[in-house]
Amino acid sequence: MAETEKKLKPLLCPACFAKEIEPIFLHFDPEDQEYYCIKCCYFAKDRKMVDLFMDDFVRHKLRQW
Amino acid sequence: MLHTNIVHRVDTTAHSLESLHYQRKLASDLAVPVTSLISYNALFDKTIMDNIRSPDSGNSEEFGLHFWNYKSERFHAKYQTREQALWLLPRSIRTALIDEMMQGFHEQFGHFPTSVGCYIIDAWTLSYIKAHYPSVKIAINSCFEEGVKMYYGNNRNWMLFSDGGPWNPYYPSRHNAMVPAASEDESIGIIAVPHLNRDMIMALTSRDDIYASHPGNLVRGRLNQNNNCPYQERFTRAWARQAQLNGWSYLNIFVSSPWLSDKHWANQNYLDTRDLYRQLLVLLKDLEADGENSNQTMNDFADAFPAIHRPGDATICHWKDELMQGKREVLWTVNSHYRAAFDFNIGGTLVDLRPFAGRIEHNLGPETPARWNGNQPFAISAEHKGGHWNSGMTGELQLRGEKFSFSDRRTRISVEYPQKNQWIATTEPLRVDLAGARFEVVSQWQGSCDGVIQLKRIITEVDGVIEELVWQESFSGAWATSEYPEDLRGAELIAERWDNQKASGIALDYQSRTQTIDNCRSVGIHLPQAHLSITLEAESEAIGFLDEGFLFSPSYRFRLSIPLTPQTQASLWLKQKKS
């Protein structure tokens, strides 16, 4: 579990874009098998959902805007 | 039982009056009692008052006064100021305006009102109103957690600062209207209710005007799809559920009429906003029919309140994520000594603490030191100080060089209110894998109507060797009303030992000094700025740590390390005392 958390900590929250310097990162809840932001109310069951959100919304759409 | 006040404001523009007509007719059709607070310009408009005094039907409608929207040629000619907020007016003008409105009300209705309101009414002003118009029983006097974030949310144009007060009705102190009185003697004698109820998670993490008991603001936040907004129903039922804890709950619905108008900038389609407002009132009628709610005028609530809540009583709010419907839960508690918020998204970290015990005099306006700043100072605010690392109280377990931080784990809680003024919050067991040992840990917080919160950590289901397991609880604090630091010099980190030998302490001067105290009984901070001390006290021998901050990190920290073996459970007490 501790190992899993370490790997995931560099993820920023795709919803509130919490910044690294704050260190506010996306965490993983082993009880509910869910990623969650410790600052806002974002959560996702699947790592792919997180990546999809980041790729689709942040990387592509925000660039277009 | 939920007690609901539906409040209207009587304004003067044509679109406001058209919307108000809709609101009053709807309330009348549904037979929902309402309180209509009349603003300055409407009060002195004969046509409007003649119209208002002839109700749309025989529905129960109370009239009172609202001290906002007084800007007008009449006001300016009379008082020679463009100041637009009652609480910021010079006191001589403030009292003259109140007197003028009270007399105007008396001329219209033959009596003085029992209910008044504004976004902020300070203690000095409430005391003036009570002394000169003793008929006033109840006032809308603050906007819960409208402060720093609201200032940003409204593009630095909304100078309304009322962070740090209660969300529930209470009896304001003579010293500070945002502080609940501890006794009848300390009370001004007017019941305070909030301007709207807020989403209690968003009140911590975001601006909370959008996430409120206000359909117009839900539309402003685009939480709706046309006239569909399931969040509104979840939000309302969540407030009804709070009654299961405290024995009562309160809901303030104050939608001023422009929000329901086709002229309002926030509306996509004002008919959808109106329909959401209608759905809200219908829901409240349904809850009333089910025995969960009582729709009342403000006057009726003022009469009911003393039987359910007395000066000095404590209340709590256990709020779940109604917006995203995720696992996040927070717990708020307030009494006459402090207001505290715990975030179980980060393991029950104390993320906001407003100590009231020092009873600092706090009023607003040009004659006061605070001037415009109605925010109550915080000892902890994770949101304003860059996270719970800088400002928060949380714990960790230490075993053979490895650490487990409670703030790294999200958890759910159960909350009990076994008797009046006693609350207990208990986490579900957390499975911990630490230094080759496996065990479960349960955390429990207990509070009452004094300045003490007990925190207990309980270890169970142990598999492996947990000798030398240590619990360290850490309080990182600051003292400010906003994100900018205040000067902490004058404050002193303090400690006590079980052998009564005095520990030297650290007078704060931004030098990053540290101190370790063996045989430690308590550690804490003496804050002369707040006339109080905050301490963490152990039940048996502990090791204490004092950490002074520095200018790049202008906070302070005190910690207690407590052995968790062999008894596998321990308690400590967070205490706030006037000093």
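Just so you know, these numbers use all the heavy atoms, side chains as well, and skip hydrogens, waters and symmetry mates. Below, read A as the first sequence line, B as the second, and so on, with proteins coming before strands; counting in each chain starts at 1.
Both the backbone and the side chain of B:N345 come within contact range of chain A, judged by heavy atoms closer than 4.5 Å. For A:C41, the parts lying under 4.5 angstrom from a heavy atom of chain B are both the backbone and the side chain. When heavy atoms are compared at a cutoff of 4.5 Å, B:E402 does not approach chain A at all.
Using a 4.5 Å cut-off on side-chain heavy atoms (C-beta onward), B:F552 and B:Y510 make no contact. Side-chain contact between B:W471 and B:I459 is absent, with no heavy atoms from C-beta onward closer than 4.5 Å. Two residues are said to be in side-chain contact when any heavy atoms from C-beta on lie closer than 4.5 Å; B:D163 and B:R354 meet this criterion. At a threshold of 4.5 Å between non-hydrogen side-chain atoms, the residues B:F235 and B:Y211 do not count as touching.
Between B:W167 and B:N197, the side chains place no donor N or O within less than 3.5 Å of an acceptor N or O (distance only, hydrogens not considered). Inspection of the B:H388 and B:T349 side chains reveals no N or O donor paired with an N or O acceptor under 3.5 Å.
Annotation: residues 322-332 of chain B contacts chain A through B:M324, B:Q325, B:G326, B:K327, B:R328 [non-hydrogen atoms, separation under 4.5 Å].
Nearest heavy-atom pair across B:G386 and B:W389 is O-CE3, 3.7 Å.
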